Participant: 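Below: one structure in structure tokens.
When a ligand or atom number is given, it counts from 1 through the structure's own listing order. From a predicted model like this one, the values you see are computed outputs, not experimental measurements. The figures that follow rest on heavy atoms only: side chains count, while hydrogens, waters and symmetry mates do not.
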Amino acid sequence: MRKRRRTREGEIERERELWWNPDFSWTRDFTHAYGSEAVLQCREEEESLRDKIRADHERALQEAKEKLRKSRVELQAEIQTEKSKVMEDLKKKDAGPKPLPPVPMPKVVGVSDGEPPEPDVKEKRDKIREMMKHAWDSYRQYGWGHNELKPLAKKGHSTNIFGNSQLGATIVDALDTLYIMGLHEEFKDGQEWIEQNLDFGVNAEVSVFEVNIRFIGGLLAAYYLSGQEVFKLKAVQLAEKLLPAFNTPTGIPWAMVNLKSGVGRNWGWASAGSSILAEFGTLHMEFVHLTYLTGNPAYYQKVMHIRKLLAKMDRPNGLYPNYLNPRTGRWGQHHTSVGGLGDSFYEYLLKAWLMSDKTDTEARKTYDDAIEAIERHLIRKSNGGLTFIGEWKNGHLERKMGHLACFAGGMFALGADGSPDDKAGHYLQLGAEIAHTCHESYDRTVLKLGPEAFKFDSGLEAVAVRQNEKYYILRPEVIETYWYMWRFTHDPKYRQWGWEAAQAIDKYCRVSGGFSGVKDVYSSNPTYDDVQQSFFLAETLKYLYLLFSSDDLMPFESWVFNTEAHPLPVLHLGNITLPGSEPAQR
Ligand code: DMJ
């Protein structure tokens, strides 16, 4: 019996190695042969390698000479043939899904039900489910297959983060919410669309970060929840398309990559051609799962390389600037933020630790150090007694907080347990203070919905000043923080605040064709932006639903939510070592 088991595991292991890593068997052979004989053999190999290099060199020189003798027309024809060959190879590579090696499925618990015992809470939960139905059905009717929906124009919508693709972002982003809410018909409908239509071989330049958190995160979560192989296959196909983005001099990925050609580049607006901290720093969770599921070490190695590179760099005042140049490996402008451009980098440090069953202590330490510097330099109390997180710009603190930074209340609470020097109580309190401030930013508006950014300056307390900061685009961060705070404290005010937000969304953002963002939360007669963001279904409604569910739905012991609210299971790796995480062999 024991023997059979061992053989089976061996087979699986071998299958993984051969399937993914042609170098692996070489490394192992060398290790086996290690000894004096091997050293001799090594020398011989070295010489033959040198001969080979010399021969290659000569051949290349010869070829270059021949090329110079050729006419322009001949050269153009040659280039054309080579191009067609590359295209053919690419097509072949795209052809059909490859089978993936089997891995043990992590224990999947608490993925359904969660019905609260209190009838009034159940009623609220039912209302949120109805809102999800309205958002989904509207998208189904008017925007199906498009990335997002224009709920007033009643047609499809997309933004530059998805290039010119039509990848059904809302379907992929919404799947796990549908599953958790028990909307199984809708889930099946989404699954069928993905099986029949989701194709990543398109000529579109997409955001690596957005595609990772929404698509790879969404597909992996759908896979773990439902066990349907198609989601895993699609996630891996897409991940392969993102890998060329890492081909930079430093290994810090480009912000964008063309899914077909693999050519990458950065946003034109980013400081000195830099990549963005919150973008290249928000890949870890998904990439660890990809290596776990496929046995391909590449994903794990790419994100660990980023971590190592960051660890070696000097940090001004202990802070991580938002910009890093992927060519030079140097920081761009010294701006630091827990809101846009920085936010989920910090979140993923903490969640890498949680997702590893608290074994990735390097990630935890990095998180603790980063948060300590943030507290010292960015977190202040306003004159009115509101704790806020400002933005650090070249040594100066801007007393402005973004809606995006409101997620940090939940993050501080989630990270409280396990923080150094017995500071758990302190961080839970900090989470509560941020939740309070962000609630104030909602409460001080006419619509009871929060602005995109709010100030604590010249007598201003948690209100937006500039017209272009007064919009609300169905963002989740404040509700996310309410949910985490609710889970850790069970203080009823968090459900109360969540309900206020849900009612305001239903009253001011709901239209017959779905839900829309609004342009001014201080106006009693707001205009719509006519976009139903995919994260409204992925995050905002999911967090609301969880807020009104019992804690045994998606328990924290088993699940960690990625930054787009896609739950990934904690990997109790025990004695399993992720391929690529072994110490380098000689
Ligand atoms: C989401 O796509 C993610 O939460 C991301 O980390 C930043 N913000 C948007 C929603 O506001």
Side-chain angles (χ1 to χ4, degrees), residues 135 147-149 157-162 167 169-177 206-221 255 267 275-287 322 337-352 389 391 401-411 414 434 438 441-442 449-454 469 471-484 501 505 509 515-518 521 529 531-544 546 560-568:
N147 288 320
E148 292 176 322
L149 166 71
H157 169 79
S158 199
T159 59
N160 63 341
I161 58 173
F162 306 117
L167 294 171
T170 297
I171 302 177
V172 182
D173 232 3
L175 276 176
D176 53 9
T177 308
V206 299
S207 154
V208 174
F209 158 77
E210 296 286 358
V211 162
N212 176 58
I213 65 169
R214 299 188 198 213
F215 282 81
I216 297 195
L219 289 164
L220 290 178
W267 304 110
S275 300
I276 308 293
L277 182 70
E279 299 198 332
F280 63 77
T282 308
L283 302 165
H284 193 97
M285 296 178 69
E286 296 79 4
F287 275 45
N322 291 335
S337 170
V338 181
L341 310 184
D343 48 9
S344 42
F345 163 69
Y346 306 101
E347 176 185 355
Y348 269 36
L349 291 176
L350 174 65
K351 289 181 176 176
I389 314 176
E391 307 252 326
M401 181 167 175
H403 192 288
L404 289 166
C406 286
F407 92 97
M411 178 178 75
L414 184 65
I434 298 298
C438 293
S441 78
Y442 274 51
L449 290 169
E452 180 68 1
F454 39 96
E469 290 171 348
Y471 61 86
Y472 172 68
I473 54 168
L474 305 170
R475 285 201 192 279
E477 292 76 17
V478 176
I479 294 165
E480 173 181 352
T481 278
Y482 294 161
W483 176 54
Y484 280 104
I505 291 171
C509 301
F515 288 88
S516 166
V518 288
V521 289
D529 68 4
V531 181
Q532 178 175 283
Q533 307 275 350
S534 77
F535 55 67
F536 179 62
L537 295 87
E539 298 189 73
T540 313
L541 292 170
K542 187 187 285 135
Y543 287 133
L544 278 169
L546 290 168
V560 186
F561 287 73
N562 89 340
T563 192
E564 186 79 359
H566 296 306
L568 297 174

Participant: Could you tell me the residue and atom name of the protein heavy atom closest to atom 7 (C) of ligand 1, and the distance to it rounded to 0.1 Å?
Facilitator: Leu404 CD2, 3.9 Å

Participant: Measure from the side-chain N and O atoms of Thr481 to the backbone N and O of Gly410, and report whether any donor-acceptor pair falls under 3.5 Å.
Facilitator: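 Yes; judged by distance alone, with no hydrogens or angles, the pair exists.
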
Participant: Side-chain donor-acceptor pair under 3.5 Å between Ser516 and Asp529, yes or no?
Facilitator: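 Yes.
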
Participant: When you measure from the side chain of Asn212 to the backbone of Thr282, do you find a donor-acceptor pair of N or O atoms at a distance under 3.5 Å?
Facilitator: yes

Participant: Please determine if Arg475 has a nitrogen or oxygen closer than 3.5 Å to a nitrogen or oxygen of ligand 1.
Facilitator: yes

Participant: May I ask whether Glu347 has any heavy atom positioned less than 4.0 angstrom from an atom of ligand 1?
Facilitator: no

Participant: Which residue holds the protein heavy atom closest to atom 4 (O) of ligand 1, what is that atom called, and what is the gap in Å?
Facilitator: Thr563 O, 2.8 Å

Participant: Around atom 2 (O) of ligand 1, find the nearest protein heavy atom and jot down its residue, atom name and distance.
Facilitator: Glu564 OE1, 2.5 Å

Participant: Using the test ring pair (Phe, Tyr, Trp, His ring centres under 6.0 Å), find all partners of Phe345 that sit at least two apart in sequence or belong to another chain.
Facilitator: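 Per chain and number, Phe345 pairs via ring pair (Phe, Tyr, Trp, His ring centres under 6.0 Å) with Tyr320.
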
Participant: Any side-chain heavy atom of Arg475 sitting closer than 4.5 Å to one from Glu452?
Facilitator: yes

Participant: Tell me the contacting part of Arg214 for ligand 1: side chain, backbone, both, or neither, using a 4.0 Å heavy-atom threshold, strictly below.
Facilitator: side chain

Participant: Of the side chain and backbone of Glu477, name the one, both, or neither that has a heavy atom under 4.0 Å from an atom of ligand 1.
Facilitator: side chain

Participant: Please list, in number order, the atoms of ligand 1 under 4.0 Å from a heavy atom of Pro476.
Facilitator: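 Numbered from 1, ligand 1 contributes 10 (C), 11 (O).
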
Participant: Quick one: look at Ala565 and ligand 1, take heavy-atom pairs under 4.0 Å, and tell me if it's side chain, backbone, both or neither.
Facilitator: neither

Participant: Among side-chain atoms of Glu477 and Tyr543, is any donor-acceptor pair under 3.5 angstrom?
Facilitator: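 No - no donor-acceptor pair under 3.5 Å links their side chains.
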
